[in-house]
Amino acid sequence: QVQLVESGGGLVQAGGSLRVSCAASRRAFSSYAMGWFRQAPGKEREFVAAINWNLRTTKYADPVKGRFTISADNAKNTVYLQMNSLKPEDTAVYYCALQYLSPGSVYLPDRGSEYTYWGQGTQVTVSS
């Protein structure tokens with residue numbers, strides 16, 4: 001069982017930057033992916049970004065390409081989402097998720113249903 005804890009959310013003005021973090025309770029000694037999703041009030045959860053932990057390949061949703069960067073720190077068992085040029089429409093609760101993959105897999109899941117472990121979420125609010 002892996003527990004994920006997000007942190008770093010907050011209030012920022014449009015055009016500003018924020019970094020959210022997701023720490024895993026233990027090192028997952030296998031192939032896996034970690035993803036970020038978000039859910040705004042009244043909207044469905046949507047994919048933001050994902051990283052293949054072993055290969056360090058990444059995938060981004062179109063609305064955040066060029067503005068957000070996902071990265072990982074092995075020593076800290078932590079994945080980050082650096083968010084730049086934030087817009088009011090980025091306001092949401094941001095969730096991280098983890099999914100084990102087949103050994104050597106290059107797959108990067110981008111649907112919530114493909115992830116097994118989830119954090120509790122952290123609020124990001126962007127004011128106009």
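Small disclaimer: the values here were computed from a predicted structure and weren't measured. Numbering starts at 1 and runs along the sequence shown.
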d(Leu108 CG, Lys59 NZ) to nearest 0.5 Å is 5.5 Å
Please tabulate, for side-chain N and O atoms in residues 81-88, each donor-acceptor pair with protein atoms closer than 3.5 Å (sequence neighbours left out).
{"unit_1": "Gln82", "atom_1": "NE2", "unit_2": "Asn84", "atom_2": "OD1", "d": "2.9"}
{"unit_1": "Asn84", "atom_1": "OD1", "unit_2": "Ser17", "atom_2": "OG", "d": "2.9"}

- Query: Crowded around Gln3 CD? As in, over 12 foreign heavy atoms under 6.0 Å?
  - Reply: no
Those residues at least two apart in sequence (or on a different chain) that pass side chain to side chain contact (heavy atoms under 4.5 Å, CB included) with Thr78 are Ser21, Ala23, Lys76, Tyr80
Note: Val79 and Trp36 closest approach over all heavy atoms is O-CZ2, 3.9 Å
Is there a donor-acceptor contact under 3.5 Å from the side chain of Thr91 to the main chain of Val126?
-> yes
When rounded to the nearest 0.5 Å, the distance separating OH of Tyr107 from OG1 of Thr57 is 12.0 Å
Applying salt bridge (charged side-chain N to carboxylate O under 4.0 Å, His left out) to Arg19 and not counting sequence neighbours gives none
Heavy-atom nearest pair, Ala24 first then Val2, reads CB-CG1, 4.1 Å
For Val106, the hydrophobic cluster (side chain heavy atoms closer than 4.5 Å, chained through members) also holds Leu55
- Between the side chain of Gln120 and the main-chain N/O of Val5, is any donor-acceptor distance below 3.5 Å? no
For residues 115-128, the salt bridge (Lys or Arg N to Asp or Glu O under 4.0 Å) pairs (sequence neighbours left out) are none
Please verify the inter-ring angle class for Tyr95 with Trp118; under 30° counts as parallel, over 60° as perpendicular, anything in between as tilted.
perpendicular
Output for pair (Leu11 CG, Gln123 CD), nearest 0.5 Å, gives 9.5 Å
So the disulfide (SG to SG under 2.5 Å) pairs with at least one residue in residues 83-128 (sequence neighbours excluded) are Cys22-Cys96
Rounded to the nearest 0.5 Å, the CE atom of Met34 sits from the OG atom of Ser71 at a distance of 11.0 Å
For side-chain contact (heavy atoms from CB on, under 4.5 Å), just list the numbers for Phe68 and Asp90, CA-CA rounded to whole Å, side-chain angles, deciding distance to a tenth of an Å, and then say yes or no. CA-CA 11 Å; Phe68 290 12; Asp90 294 318; 3.9 Å; yes
Would you check, one step at a time, whether the test side-chain contact (heavy atoms from CB on, under 4.5 Å) holds for Trp53 with Leu101? CA-CA 10 Å; Trp53 194 273; Leu101 305 173; over 6 Å; no
query: Just by distance, do the side chain of Glu6 and the backbone of Gly121 share a donor-acceptor pair under 3.5 Å?
result: yes
With sequence neighbours left out, the residues meeting side chain to side chain contact (heavy atoms under 4.5 Å, CB included) with Thr116 are Gln99
TODO: For the pair Asn54 (side chain) and Gly104 (backbone), establish whether a donor and an acceptor sit closer than 3.5 Å, ignoring hydrogens and angles.
DONE: no
The complete set of salt bridge (Lys or Arg N to Asp or Glu O under 4.0 Å) pairs with one or both residues in residues 114-128, sequence neighbours excluded, reads Arg111-Glu114
Salt bridge (charged side-chain N to carboxylate O under 4.0 Å, His left out) filter on Arg56, not counting sequence neighbours, yields none
Residues passing the ring pair (Phe, Tyr, Trp, His ring centres under 6.0 Å) test with Tyr115, sequence neighbours excluded, are Phe37
Report all side-chain donor-acceptor pairs from residues 42-49 shorter than 3.5 Å, counting only partners two or more places apart or in another chain.
{"unit_1": "Glu46", "atom_1": "OE2", "unit_2": "Arg38", "atom_2": "NE", "d": "2.5"}
{"unit_1": "Glu46", "atom_1": "OE2", "unit_2": "Arg38", "atom_2": "NH2", "d": "3.1"}

**Message:** Would you say Leu98 ends up clustered with Val93 if hydrophobic residues are merged whenever their side chains have heavy atoms under 4.5 Å apart, either directly or through other cluster members?
**Reply:** no
Sorted by chain and residue number, the side chain to side chain contact (heavy atoms under 4.5 Å, CB included) partners of Thr58 (sequence neighbours excluded) come out as Ile51, Tyr60, Ile70
